[in-house]
Peer 1: 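If you scroll down you'll find the structure; I have some questions about it.
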Amino acid sequence: MSGVPELLRRYRAEAGLTQEQLAERAGLSVEAIRTLEIGRRRYPRALTVSSLANALQLADDDRDLLEQAARRPTETPDRLPTGVTDFVGRTEPVRTLTELLRRTGQPAHATSVVISAVTGMGGVGKTTLAVHVGHLVEDEFPDGRIYLNLRGETEPIPPLQALAALLRTLGVPAQEIPDDLAVATARYRTAIAGRRVLVVLDDAATADQVAPLIPGTSGSAAVITSRRLLDELAGALHLRLDVLSDDEALQLLGEVIGAALVAAEPEAALTVVHACGNLPLALRIAGTRLSAGRPLQELADRLADVSTRLGELADGETGVRASIVLSIDDLRSVAADRDAADAFGVLALLDPGEFPLRVAAAALGRTLDDTEELLDRLVDVHLLEAPTLHRYRLHDLVRAVGREGASAQDQRLVGERVLRCYLAMLWRADELAGEAPMSAAWRDAAWAQEARDLTELEEVLDWLDADRTTLVELVRRAVRGTAEDRQLAVRIAVGMNVFGPARQRWLEWRDVNRAAAEVVELGTDPVSAALVRFDLGLALGELDDFSAAADQLALATDAARLIGQPRFLTSSLVNLAHMLEQADRTPEGFRSVHEALELIAREPEAADLGAWAQLTLGMLYGRNGEPERQLEPFERAIALVQDDVHVLCRMRISAGSSLRECGQAAAAIPVLLAAVDGIREHDRWGVLAEALCELGAAYGDLGRHTDALAVYLESLDIAVSRELWHREAHVRTGLGHTYLALGRSAEGRKQLTLAEEVYAAHGTTPPA
């Protein structure tokens, strides 16, 4: 008997219709008619057959023939499980996998078998996705869909046993199934040859397990799911499945408990989603824990307790803990992977969020190369994620499982190792930048030992910059820890004095030293107290908190007097005078700067601070309403540093800023322009952003708003791209006023609002 392709072509020809005409009459697409006539789809739905018969005006006998040809043979396997009713999201993975499978019968793919490997952590929904897509492409595989659970995470089915199951599904009698792997593989591929079958191989253990189960001829396709990265499968599309987005997770929760409940308590719903780590398995189990008629907040409160969360998300042998433990146990079952399993337990003790390879190596007490190998193995089995090169993270629920059974001693040991890692990086930056005289006498060269493989300062600063938030939290915790932890916190705080200013991370520099200041005592450790208070004062000054900065520098000055370090005392006095000037406390400022100048005159080791003292003296004159006395000390200061272009540019910025603030914007502009030109030659982007911002303000004071706009925009671009939030807030404020002056009020108000938002986001307020 002829099949659908032959019958349809014959009936259409007898009716004298083109494919386009038949499609129009039947209410189908031309592509659907073409697909049926070339045999890509041999078993159309009953509704499609009826539409075609009506359009062709077939007699009863011909209609019966077409309907009979369209019926699937009774031996056609269709063993795909029923899809879940609450499938949500996954738009891109569904599209990618669906398009791939729909290409199986196209001429361009006639010589290859389509293979897709869907990987991801336990509970992320790999099987759900594969089955869902399998139902979407049903018509592409008229000869059947086969599903086989390979039990890779429990008791992996041997390939020969799996082949026997597939052959039976394909209609091969049990007595004809070979007991040799190679022969059975050949028999399977012969049985499936010429058919268009979708084979879903779920929960694969290894590539070796699934390789014999892949069809050998084109037209059929294999979709494989696994917790492991099966990169040995040649020609396969590897599709990594991540957790759901917040919107998708909320939608899934709504499918489980009812969308009305989610809509009624949105904050509680989001809390539940985040407690479940956006993991589909966890969300489905959590939904079942909500008793009928109870508020969603009740469930959110139960899940908020980290110590009991895994218990709430348990569901016999299929809960979240059980799912994750399967992956861990699987690692331990292979001798070569036991070190990776042990490493997982240590990594779980790290703080939430991303961590770099170097921190992992420190926590494990291993070399970088050994650690990278272990971490790559954990990534392969989806116990660990690697969002970027040499940066890793653990899913919250995976971390919770890893921490089970860990002792307080384990946690303390890992915490100390991590602190020492950051200590080494900070003091390596200090070594590469050139030691500061005061800290050089205080530091221990051994602190930087772990980081001496790094030889470029910028590389060290980049590493610290990426982890600056973590660093602050570690120090805050350390000052509440043991005496050794507190000591490490102080050493880290002092070590920030290269990284903080170099990258203009004023907030982090302030917060680390503020934490350390809680545990240093002037009477018992005057050197540490002096260093911490000094740096804290400078950081506060950069954040425009000048009175607080002056208070800290006054304490640093007191400590410096006890220590008997003339140069450090001079530096403290000069910086104290500057902060007092900025705080409009000029009488105190004059006293400090004059004492500093006296020290400089009699102490040779403090002579190099003379330029800064002269600069500060000029600024004090301006603040005191004596602008005519500013230029002379400014000129002396600049003359003293002509050979150091970096210091020269910094001084020009300070002098220009002071001139502008004292009503001498016209005099400030050439000074600031000289600073900008010098900085451009040496690519110091943070300082350039500051100089441009000051120049913009000077232009604005003179009513040159178009010039101000140009330099503000350049400064803003640097500040945003380099994440210099404090400079960004300053620039947006100036930019807002510039737009207002130019009559562009909407843009002006927008920039001022954005500036306020930046300040608020960092817990600070705009300067007066």
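The analysis underlying the following values was restricted to heavy atoms, covering all of them including side chains, and did not include hydrogens, waters or symmetry mates.
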Peer 1: For the CG atom of L331 and the CG atom of L383, what is their distance to the nearest 0.5 Å?
Peer 2: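 Between L331 CG and L383 CG, I get 6.0 Å after rounding to 0.5 Å.
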
Peer 1: Between the side chains of D305 and S307, does any donor sit under 3.5 Å from an acceptor?
Peer 2: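 Yes - a donor-acceptor pair under 3.5 Å links their side chains.
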
Peer 1: Using only atom types and a distance under 3.5 Å, with no angle test, would you say the side chain of R289 pairs donor to acceptor with the backbone of E312?
Peer 2: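 Indeed, once roles are kept as given, a pair shorter than 3.5 Å links the two residues.
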
Peer 1: Using the rule given for side-chain contact (heavy atoms from CB on, under 4.5 Å), can you reason through V183 versus T185, listing the C-alpha separation, both sets of side-chain angles and the distance that settles it, and then say yes or no?
Peer 2: CA-CA 5 Å; V183 178; T185 301; over 6 Å; no

Peer 1: Does R284 form a salt bridge (charged side-chain N to carboxylate O under 4.0 Å, His left out) with E255? I'd like the steps, not just the answer.
Peer 2: CA-CA 9 Å; R284 289 190 172 96; E255 292 288 338; over 6 Å; no

Peer 1: Any donor-acceptor pair under 3.5 Å linking the side chain of T225 with the backbone of D203?
Peer 2: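 Such a contact is found between T225 side chain and D203 backbone.
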
Peer 1: For the atom pair OG1 (T127) and OH (Y147), what is the distance rounded to the nearest 0.5 Å?
Peer 2: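 Nearest 0.5 Å value for the OG1-OH distance: 5.0 Å.
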
Peer 1: Regarding E92 and R95, does a basic nitrogen lie under 4.0 Å from an acidic carboxylate oxygen?
Peer 2: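 Counted as a salt bridge, because a side-chain N and a carboxylate O are separated by less than 4.0 Å.
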
Peer 1: Evaluate salt bridge (charged side-chain N to carboxylate O under 4.0 Å, His left out) for R10 paired with E6, printing each intermediate quantity in order.
Peer 2: CA-CA 6 Å; R10 191 181 91 196; E6 297 82 6; over 6 Å; no

Peer 1: For the atom pair NE2 (H132) and CG (L97), what is the distance rounded to the nearest 0.5 Å?
Peer 2: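 The distance works out to 10.0 Å.
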
Peer 1: Quick check: does any side chain N or O of E265 sit under 3.5 Å from a backbone N or O of Q297, one acting as donor and the other as acceptor?
Peer 2: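 Indeed, once roles are kept as given, a pair shorter than 3.5 Å links the two residues.
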
Peer 1: Is any side-chain heavy atom of V114 closer than 4.5 Å to one of L101?
Peer 2: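 Yes - at least one pair of side-chain heavy atoms lies under 4.5 Å apart.
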
Peer 1: Less than 4.5 Å apart, any side-chain heavy atom of I224 and any of V118?
Peer 2: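 No - every pair of side-chain heavy atoms lies 4.5 Å or more apart.
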
Peer 1: Distance from Q19 atom CD to E31 atom CD, nearest 0.5 Å?
Peer 2: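 Rounded to the nearest 0.5 Å, the CD-CD separation comes to 9.5 Å.
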
Peer 1: Examine the side chains of H395 and E385 and answer whether a donor and an acceptor come within less than 3.5 Å of each other.
Peer 2: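 No.
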
Peer 1: Take C276 and L303 through the test side-chain contact (heavy atoms from CB on, under 4.5 Å) and record every step on the way to the result.
Peer 2: CA-CA 8 Å; C276 293; L303 291 174; 4.3 Å; yes

Peer 1: Which atom names give the shortest non-hydrogen contact between A221 and P215, and what distance separates them?
Peer 2: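 Closest heavy-atom pair between A221 and P215: O-CG, 4.4 Å.
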
Peer 1: List the atom of N149, the atom of I157, and the distance in Å for their closest heavy-atom pair.
Peer 2: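 Shortest heavy-atom contact: O-CD1, 3.1 Å.
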
Peer 1: Only one of L299, V256, L290 clears side-chain contact (heavy atoms from CB on, under 4.5 Å) with L261; which?
Peer 2: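 When side-chain contact (heavy atoms from CB on, under 4.5 Å) is applied between L261 and each of L299, V256, L290, only L290 qualifies.
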
Peer 1: Any donor-acceptor pair under 3.5 Å linking the side chain of Q209 with the backbone of P159?
Peer 2: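 Checked: no pair found.
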
Peer 1: Pair R391, D467 - check salt bridge (charged side-chain N to carboxylate O under 4.0 Å, His left out), show working.
Peer 2: CA-CA 10 Å; R391 292 193 68 81; D467 264 44; 2.7 Å; yes

Peer 1: Step by step, work out the salt bridge (charged side-chain N to carboxylate O under 4.0 Å, His left out) result for E373 and R377.
Peer 2: CA-CA 6 Å; E373 185 176 339; R377 190 72 193 97; over 6 Å; no

Peer 1: Where do L230 and A204 come nearest, in terms of heavy atoms and distance?
Peer 2: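 Shortest heavy-atom separation between L230 and A204 comes out as CD1-CB, 4.2 Å.
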
Peer 1: Report yes or no: do R25 and N54 form a side-chain donor-acceptor pair below 3.5 Å?
Peer 2: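 Looking only at side-chain atoms, N54 and R25 do not form any donor-acceptor pair under 3.5 Å.
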
Peer 1: Do L36 and L52 touch side chain to side chain, with heavy atoms closer than 4.5 Å?
Peer 2: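 Yes, at least one pair of side-chain atoms sits under 4.5 Å.
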
Peer 1: Is there side-chain contact between R321 and L313, with heavy atoms separated by less than 4.5 Å?
Peer 2: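 Side chain of R321 against side chain of L313, heavy atoms only: no contact under 4.5 Å found.
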
Peer 1: Is it the case that S220 and R196 place a side-chain donor and acceptor less than 3.5 Å from each other?
Peer 2: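 The criterion, which ignores hydrogens and geometry beyond distance, is not satisfied for R196 and S220.
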
Peer 1: Is a donor from one side chain sitting under 3.5 angstrom from an acceptor on the other, for H382 and R240?
Peer 2: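 Present: a donor and an acceptor within the cut-off.
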
Peer 1: Does a sphere of radius 6.0 Å around CG in D179 hold more than 12 heavy atoms from other residues, nucleotides or ligands, not counting ones at 6.0 Å or beyond?
Peer 2: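 Not buried by this count: 12 neighbours or fewer within 6.0 Å.
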
Peer 1: Evaluate the side-chain hydrogen bond (donor to acceptor under 3.5 Å, both in side chains) criterion for residues Q251 and D247: first the C-alpha distance (whole Å), next the side-chain angles of each, then the deciding distance (0.1 Å), finally the verdict.
Peer 2: CA-CA 6 Å; Q251 186 181 351; D247 287 343; over 6 Å; no

Peer 1: Counting only heavy atoms not in E67 (residues, nucleotides, ligands), do more than 12 fall under 6.0 Å from its CD?
Peer 2: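 More than 12 within 6.0 Å, yes.
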
Peer 1: Once you round to the nearest 0.5 Å, how far does CD1 of I214 lie from CG of L233?
Peer 2: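 Those atoms lie 5.0 Å apart.
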
Peer 1: Looking only at the side chains, is there a donor atom on one of S323 and R227 sitting less than 3.5 Å from an acceptor on the other?
Peer 2: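 A donor-acceptor contact under 3.5 Å links the two side chains.
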
Peer 1: Is the number of heavy atoms from other residues, nucleotides or ligands under 6.0 Å of R45 CZ greater than 12?
Peer 2: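 No, the 6.0 Å shell around CZ holds no more than 12 heavy atoms from other groups.
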
Peer 1: Looking at side-chain heavy atoms only, is the closest gap between V320 and I324 below 4.5 Å?
Peer 2: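 A side-chain contact under 4.5 Å exists here.
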
Peer 1: Does the S245 side chain pair with the main chain of E248, one donor and one acceptor, at a distance under 3.5 Å?
Peer 2: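 Yes; at least one donor-acceptor contact below 3.5 Å.
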
Peer 1: Do D339 and F344 have side chains that get closer than 4.5 Å, going by heavy atoms?
Peer 2: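 Side chain of D339 against side chain of F344, heavy atoms only: no contact under 4.5 Å found.
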
Peer 1: So, are E99 and R103 salt-bridged, with charged N and O less than 4.0 Å apart?
Peer 2: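 Between R103 and E99 there is no salt bridge, as every charged N stays at least 4.0 Å from the carboxylate O atoms.
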
Peer 1: Does R63 pair with D60 as a salt bridge, N-O distance under 4.0 Å?
Peer 2: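 The answer is no: the pair does not qualify as a salt bridge.
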
Peer 1: Using a distance-only test with no angle check, is there a side-chain donor-acceptor pair under 3.5 angstrom linking D246 and H274?
Peer 2: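 There is such a pair (donor and acceptor under 3.5 Å, judged by atom type) between the side chains of D246 and H274.
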
Peer 1: How far apart are the C-alpha atoms of L375 and Y392, what are their side-chain angles, what is the distance that settles it, and do they pass the side-chain contact (heavy atoms from CB on, under 4.5 Å) test?
Peer 2: CA-CA 8 Å; L375 268 56; Y392 305 87; 3.4 Å; yes

Peer 1: Salt-bridged, D342 to R332, with N to O below 4.0 Å?
Peer 2: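 A salt bridge links D342 with R332.
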
Peer 1: Hey, are E37 and R9 close enough for a salt bridge, meaning a charged N less than 4.0 Å from a carboxylate O?
Peer 2: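 Salt bridge between E37 and R9, a charged N being under 4.0 Å from a carboxylate O: no.
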
Peer 1: Is any side-chain heavy atom of T119 closer than 4.5 Å to a side-chain heavy atom of L239?
Peer 2: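 Heavy-atom side-chain distance check fails, nothing below 4.5 Å.
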
Peer 1: If you look at every heavy atom in L129 and R90, which pair is closest and at what distance?
Peer 2: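 Between these two residues, the closest heavy atoms are CD1-CB, 4.4 Å.
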
Peer 1: Identify the heavy atoms of A282 and L397 that sit nearest to each other, and give their distance.
Peer 2: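 Of all heavy-atom pairs spanning A282 and L397, the closest is CB-CD1, 3.8 Å.
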
Peer 1: Using a strict threshold of under 4.0 Å (side-chain N to carboxylate O), is an ion pair present between R187 and E176?
Peer 2: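 Counted as a salt bridge, because a side-chain N and a carboxylate O are separated by less than 4.0 Å.
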
Peer 1: For the pair R145 (side chain) and L198 (backbone), establish whether a donor and an acceptor sit closer than 3.5 Å, ignoring hydrogens and angles.
Peer 2: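 Flag not set: sc R145 to bb L198 has no pair under 3.5 Å.
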
Peer 1: Does a side chain donor of either D64 or Q68 reach within less than 3.5 Å of an acceptor in the other side chain?
Peer 2: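 Absent: no donor and acceptor within the cut-off.
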
Peer 1: For L213 and L166: C-alpha separation, side-chain torsions, deciding distance, then whether side-chain contact (heavy atoms from CB on, under 4.5 Å) applies.
Peer 2: CA-CA 8 Å; L213 315 181; L166 292 172; 4.0 Å; yes

Peer 1: Heavy-atom count check: over 12 atoms from other residues, nucleotides or ligands less than 6.0 Å from Q57 CD?
Peer 2: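 Counting neighbours around CD of Q57, 12 or fewer heavy atoms of other residues, nucleotides or ligands fall under 6.0 Å, so no.
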
Peer 1: Between R393 and P387, is there a side-chain heavy-atom distance shorter than 4.5 Å?
Peer 2: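 The answer is yes, as the side chains (C-beta and beyond) meet within the 4.5 Å cut-off.
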
Peer 1: I'd like to know if the side chain of T271 reaches the main chain of E267, judged simply by a donor and an acceptor atom lying under 3.5 Å from each other, with no hydrogens or angles considered.
Peer 2: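 Yes, T271 side chain to E267 backbone: donor-acceptor pair under 3.5 Å.
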
Peer 1: Flag the pair R151 and D202 as a salt bridge only when some basic side-chain nitrogen lies within less than 4.0 angstrom of an acidic carboxylate oxygen.
Peer 2: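 A salt bridge is absent here (no side-chain N lies under 4.0 Å from a carboxylate O).
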
Peer 1: Which value, rounded to the nearest 0.5 Å, describes the distance between L384 atom CG and D376 atom CG?
Peer 2: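 One gets 9.0 Å once the value is rounded to the nearest 0.5 Å.
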
Peer 1: Counting only N and O atoms by type, is there a donor-acceptor contact under 3.5 Å from the side chain of S50 to the main-chain atoms of A46?
Peer 2: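 The answer is no, because no donor-acceptor pair under 3.5 Å joins these two groups.
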
